[in-house]
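Working notes for the structure below.
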Amino acid sequence: MPKAEENKLVAKANRTFEESLKEAGIKGAVAVIADGVEMDIRDTPTADVKIQPVFTETTEGLKVLRHSAAHLLAEAVLELYPDARPNAGPPTEDGFYYDIDMKPVNQEELEQIEGRMKALAAKNLRIEKHRLSKKDLLERFSHNPYKIDKIMDNVEDNGYSTVYSQGEFVDFCKGPHVPSTGFLRSIKLLTVASTHYKADENRPMLVRIYGTAFPDDKSLKEFLHNREEAMKRDHRKIGQEMDLLVFNSEWAPGFPFYTPNGFTLKQELTNFMRSLNTLHGWQEVATPHIFKDLIWKQSGHYAKYKPNMFLFTLPDGDNYGVKPMNCPGHVAIFAREPKSYKELPVKYSEPGTVYRYEKSGEMGGLTRPRMFTVDDGHAFLRLDQIISEIKDIISMIKETYSTILGEPSLTFDLSVIDKEAPENYLITYRCRDCGTEAEARKTSMAEELSCPNCSSRNLEPDFTTWDQATDQLRQALDEEEISYTENPGEAAFYGPKIDVHVRDALGRSWQLSTIQVDFFMPTNFGLYYINSESKHDRVIMLHRAIFGSYERFMAILIENYAGKFPTWMSPIQVYVVPVSEKFQDYAKNVHEELLRNEIRSTFDNSQETMNKKIKTIRPRRPSYIVVVGEKEEESGTVSVRNRSNKQNVLKLDEFIASLKSEIKGRVIDQTI
RNA sequence: GCCACUGUAGCUCAGCAGGUAGAGCAGCUGAUUCGUAAUCAGCAGGUCGGGGGUUCAAAUCCCUCCAGUGGCUCCA
């Protein structure tokens with residue numbers, strides 16, 4: 001999508017942009033950018049100003065179009081349901097939505113609403129802007145508490161703001177908007193969802209209607225087609241077609257069961273990560289899945305994580321918890337003996353399976369299961385080793401993604417603390433009363449905390465450690481020349497983190513890799529090393545995961561390749577079919593020779609016809625289909641069909657050699 | 001957890017003005033021995049997500065629980 005182009009056009013003072021555009025022979029603009037500000041084409045500048053016309057084919061124009069489409073949606077809803085109370089309707093990345101306080105709508109009603117929108121678009125109603133005082137605004141929207149809120153929040157007491165009207169419909173809005181509803185003919189309502197007002201679960205539920213709008217029917221149709229194709233890539237669908245995993249919603253809701261095919265894929269990923277870890281000095285360990293609750297209290301997990309943990313009590317009264325994270329286990333190993341400064345960094349890795357009680361509505365396929373395996377790693381460091389370690393992990397991240405996914409579009413985020421909500425994090429507090437430099441930690445609601453010395457509740461949070469850690473992450477990102485956005489409030493409860501996000505087939509963004517600096521857990525567990533002066537010194541922990549979770553990573557992987565994996569990770573690398581039962585023996589030989597060469601071959605010795613076998617295996621997405629018959633048997637060859645349905649006849653040993661090098665090199669595209 | 005929608009055979013789906021369940025694929029049996037996306041015939045397969053209610057009669061209507069999906073909140 002192109003951006004609005006620079007344009008030397010100058011709009012004259014005291015006449016509308018529309019007139020200036022018309023004079024310059026420019027048609028079809030929906031807005032203008034004047035001095036960097038988007039404005040309506042019917043606005044009138046008070047002085048001559050350089051402008052760029054905005055067309056719907058550009059990013060900016062499409063946003064205007066979709067914002068206007070959201071208004072059109074609200075208008076249609078109000079005509080059909082006069083009691084509805086619209087809240088807000090912004091454009092989104094590929095469409096728009098409008099949150100409306102109304103009775104939930106079903107599919108049929110959604111179509112009715114869309115029909116009404118189209119009718120209103122056909123009328124080509126003029127969209128006009130009016131400037132109103134706060135008092136008039138409040139009066140105009142007196143029946144709509146959501147708009148009242150917005151007016152109160154956004155308009156100064158003696159101030160003015162704008163409304164946009166089309167026909168009978170009026171909305172409180174800054175604009176800009178398209179000049180008339182005729183621009184909004186290529187629209188489609190997509191789904192109905194719901195949302196809490198102001199994203200607060202204690203506030204009322206609103207109906208959120210999602211839709212999209214395009215400049216013309218052709219691009220709308222293309223979008224809808226792409227969307228359908230994307231839905232076919234859904235990892236849940238492909239996972240079933242390829243028989244990678246199953247869920248048993250009765251016996252273990254939210255827990256993935258790996259079938260042989262799926263486990264093969266997971267093992268390949270594990271092996272990849274194992275060698276990468278070795279190369280970068282991470283030593284593999286294995287830790288228990290269950291711990292006594294003591295450790296969770298000490299680690300600080302209980303304070304924040306308890307509601308998400310699987311907990312149980314044994315007959316002897318002891319309380320246990322299933323691990324939601326691997327860190328305490330690694331801490332237990334690190335703490336087994338004192339460490340010298342010369343031994344650091346100590347870096348443990350583990351494909352560690354964790355269990356989190358996700359609330360029912362939050363689960364979904366492999367992207368959000370209740371059991372998942374983290375390619376977890378914990379580094380125990382000196383202060384001076386943090387930056388170089390972070391940079392090394394970033395290089396591991398880069399290598400992983402480029403090897404496995406080619407060139408995916410990654411987003412780096414720096415997730416930092418929200419200082420307005422200290423109750424969400426482990427923080428150092430200083431006592432204001434006794435002056436004691438109150439040593440550290442533990443969360444839970446701030447008011448429950450008291451000074452360990454004088455029991456005063458007058459505590460002041462000290463963000464120094466958080467700030468230090470955040471600076472280190474920032475510095476590492478800058479030195480690696482990675483562009484990122486900072487997200488306040490997204491930090492882990494024990495420290496700030498770098499996150500990598502990737503989009504799934506349906507455009508939803510998921511966090512995969514993460515690097516987290518943690519000053520607190522070492523304190524909570526009393527971790528130290530012996531420095532060059534034989535004194536105890538504070539250990540810094542780094543939590544990191546590169547895949548993030550194998551499950552979520554596999555979901556992205558499945559959708560990225562639509563199941564057509566690079567051969568090295570493909571569960572079925574070769575599928576062998578004899579032309580008829582007569583050539584079973586030769587087919588079996590080929591199959592066994594492949595197996596002897598550690599190539600994953602599948603051979604179906606049933607009496608089905610060749611055509612049928614090929615048809616049936618297709619959804620399993622084997623990398624190569626090998627057909628053998630009389631010709632092949634005589635010449636010791638195989639007829640190889642690749643994923644582009646190209647056929648090649650090769651000597652069996654040639655085929656095996658090529659295949660082995662394709663697998664060993666972890667080549668993404670097929671070489672045969 | 002909240003709101004909405006959905007739940008029929010292993011899979012995809014039909015049946016839903018209430019009259020007691022059907023197709024294709026997969027499976028099994030037999031025939032067929034085949035050159036790159038379905039050979040033919042037969043057989044078998046279902047507590048219609050669970051429970052409760054209304055009714056002479058419930059897959060169909062009502063209530064409730066469970067699960068899945070789309071969002072919200074939360075998170076890898």
Side-chain angles (χ1 to χ4, degrees), chain A residues 97 99 103-107 110 190-210 234 236-237 240-241 243 246-254 304-305 307-308 324-326 354 356-369 372-376 415 424 490 492-493 497 499-502 506 508 510-514 516 543-553 555-556 575 577-584 606-619 625-632 639-641 645-647 649:
Chain A
Y97 65 81
D99 289 345
K103 258 183 46 199
V105 292
N106 59 30
Q107 193 56 40
L110 194 67
L190 299 170
T191 51
V192 183
S194 72
T195 177
H196 291 96
Y197 181 46
K198 291 194 170 173
D200 179 346
E201 60 181 332
N202 300 311
R203 297 194 197 237
M205 296 297 306
L206 306 175
V207 175
R208 174 174 291 183
I209 300 177
Y210 282 93
D234 189 314
R236 287 164 297 203
K237 191 173 159 58
Q240 187 182 60
E241 287 169 3
D243 193 26
V246 289
F247 282 91
N248 186 312
S249 57
E250 250 172 78
W251 292 345
K304 177 157 169 78
Y305 236 85
N308 291 307
M325 292 187 187
N326 297 302
V354 296
R356 297 184 188 175
Y357 179 75
E358 302 289 354
K359 290 187 275 178
S360 58
E362 290 165 347
M363 294 187 299
L366 284 180
T367 44
R368 199 76 189 274
F372 57 93
T373 303
V374 183
D375 63 315
D376 221 339
S415 300
N424 288 331
E490 297 292 311
F493 73 89
K497 51 180 187 163
D499 294 322
V500 175
H501 285 88
V502 179
L506 295 177
R508 291 175 294 206
W510 295 98
Q511 182 188 320
L512 298 178
S513 315
T514 182
Q516 310 173 354
H543 309 240
R544 56 110 260 220
I546 293 159
F547 289 143
S549 93
Y550 280 85
E551 285 71 14
R552 186 176 284 181
F553 190 84
I556 297 291
Y575 182 73
V577 198
V579 166
S580 78
E581 216 177 340
K582 278 189 216 158
F583 311 104
Q584 282 239 32
S606 72
Q607 295 178 39
E608 286 303 340
T609 62
M610 173 190 61
N611 280 334
K612 182 146 177 194
K613 284 180 181 175
I614 291 171
K615 172 83 182 174
T616 317
I617 201 68
R618 203 173 97 91
I625 295 174
V626 157
V627 175
V628 292
E630 194 175 354
K631 283 181 284 183
E632 288 78 11
S639 168
V640 182
R641 169 175 167 164
N645 296 322
K646 288 246 165 60
Q647 290 171 36
V649 176

Which residue, A:T514 or A:E250, contacts RNA chain B at a nucleotide closer to its 5' end, judged by nearest heavy atom?
A:E250
Between B:rG71 and A:R508, is there an OP1 or OP2 to side-chain N/O distance shorter than 4.0 Å?
yes
Between A:Q607 and B:rA31, is there a contact of a side-chain N or O with OP1 or OP2 at under 4.0 Å?
no
Nearest heavy-atom pair of A:F372 and A:S549: which atoms, and what distance?
CD1-CB, 3.3 Å
A:E490 CD to B:rC75 P, in whole Å, measures 7 Å
Is there a side-chain contact between A:R208 and the phosphate of B:rC3, meaning an N or O under 4.0 Å from OP1 or OP2?
no
Distance check, C1' atoms only: B:rU6 and B:rA59, in whole angstrom units.
15 Å
Hey, can you pull the residues of residues 608-615 of chain A with a non-hydrogen atom under 4.0 angstrom from RNA chain B?
A:E608, A:T609, A:M610, A:N611, A:K612, A:I614, A:K615
Of all the choices, B:rC11, B:rU36, B:rC74, which nucleotide is nearest to the side chain of A:Q647 once you look at every atom?
B:rU36
Taking atom C1' in both B:rC61 and B:rA44, what distance in whole Å separates the two?
34 Å
When rounded to the nearest 0.5 angstrom, what distance separates OG1 in A:T514 from NE2 in A:H501?
9.0 Å
From the options B:rC72, B:rU36, B:rG71, select the nucleotide whose nearest atom is closest to the side chain of A:A193.
B:rG71
Quote, to the nearest angstrom, the C1' distance that separates B:rG50 from B:rU8.
15 Å
Any side-chain heavy atom of A:L512 sitting closer than 4.5 Å to one from A:R552?
yes
Quote, to the nearest angstrom, the C1' distance that separates B:rC62 from B:rG18.
13 Å
Which of B:rU73, B:rU12, B:rG35 is nearest the side chain of A:Q240? It is B:rU12
May I ask you to evaluate whether A:S249 reaches the phosphate of B:rG68, defined as a side-chain N or O under 4.0 Å from OP1 or OP2?
no
When rounded to the nearest 0.5 angstrom, what is the spacing between CD in A:Q516 and CZ in A:F493?
9.5 Å
Could you tell me how far B:rA57 sits from B:rG19 if I compare only their P atoms? Round to whole Å.
14 Å
Of A:W510 and A:S360, whose nearest nucleotide on RNA chain B comes first from the 5' end?
A:S360
Measure from CZ on A:R368 to P on B:rU69 and round the result to the nearest Å.
13 Å
If you measure from CE on A:M363 to OH on A:Y357, what distance do you get to the nearest 0.5 Å?
7.5 Å
Are A:I614 and A:R641 close enough that some pair of their side-chain heavy atoms sits under 4.5 Å apart?
yes
Can you tell me, in whole Å, how much space there is between the C1' of B:rU60 and that of B:rG22?
15 Å
Return the nearest nucleotide to the side chain of A:Y210; candidates are B:rA76, B:rC72, B:rC2.
B:rC72
Minimum-distance nucleotide (side-chain atoms of A:T191 versus B:rG70, B:rC34, B:rC75):
B:rG70
Provide, to the nearest angstrom, the distance between the CD1 atom belonging to A:I209 and the P atom belonging to B:rG71.
15 Å
Between B:rG7 atom P and A:R236 atom CZ, what is the distance in whole Å?
17 Å
Given B:rC34, B:rC11, B:rG1, the nucleotide with the shortest approach to the side chain of A:V579
B:rC34
Round to a whole Å and report the spacing from CD of A:E358 to P of B:rG71.
16 Å
Taking A:Q240 for its side chain and A:V246 for its backbone only, find out whether a donor-acceptor pair lies under 3.5 Å.
no
Nucleotide nearest A:E362 when distance is taken to its side chain, options B:rC72, B:rG70, B:rC34
B:rC72
What nucleotide, of B:rC75, B:rU36, B:rU33, holds the atom closest to the side chain of A:K304?
B:rC75
Is a donor-acceptor contact shorter than 3.5 angstrom present between the side chain of A:E632 and the base of B:rG35?
yes
Rounded to whole Å, CD of A:E241 lies from C1' of B:rG10 at a distance of 15 Å
Is any side-chain N or O of A:T195 under 3.5 Å from a base N or O of B:rG71, one able to act as donor and the other as acceptor?
no
Got A:S606 and A:K613 here, is their nearest side-chain heavy-atom distance under 4.5 Å?
yes
Secondary-structure stems for RNA chain B, with pairs counted as Watson-Crick or G-U when both distances are under 3.5 Å and runs at least 3 long:
B:1-7 with B:66-72, B:10-13 with B:22-25, B:27-31 with B:39-43, B:49-53 with B:61-65
On a heavy-atom basis, the closest approach of A:P578 and A:M610 is O-CB, 4.0 Å
Whole-Å gap separating C1' (B:rA67) and CE (A:M363):
8 Å
Reckon A:P369 touches a base, only the sugar-phosphate, or nothing at all at heavy-atom distances under 4.0 Å?
base
Distance, nearest 0.5 Å, that separates OG1 of A:T609 from NZ of A:K615
12.0 Å
I'd like to know if the side chain of A:R356 reaches the main chain of A:P324, judged simply by a donor and an acceptor atom lying under 3.5 Å from each other, with no hydrogens or angles considered.
yes
Search all heavy atoms of A:I546 against all heavy atoms of A:D375 and return the closest pair with its distance.
N-OD2, 2.9 Å
Of the listed B:rA76, B:rC2, B:rU36, the closest approach to the A:F372 side chain comes from B:rA76
Roughly how far apart, to the nearest Å, are B:rG46 and B:rU12 at atom C1'?
16 Å
Of the listed nucleotides B:rG1, B:rG70, B:rC34, the one nearest the side chain of A:H196:
B:rG1
Given atom CG of A:N248 and atom C1' of B:rG50, what is their separation to the nearest angstrom?
15 Å
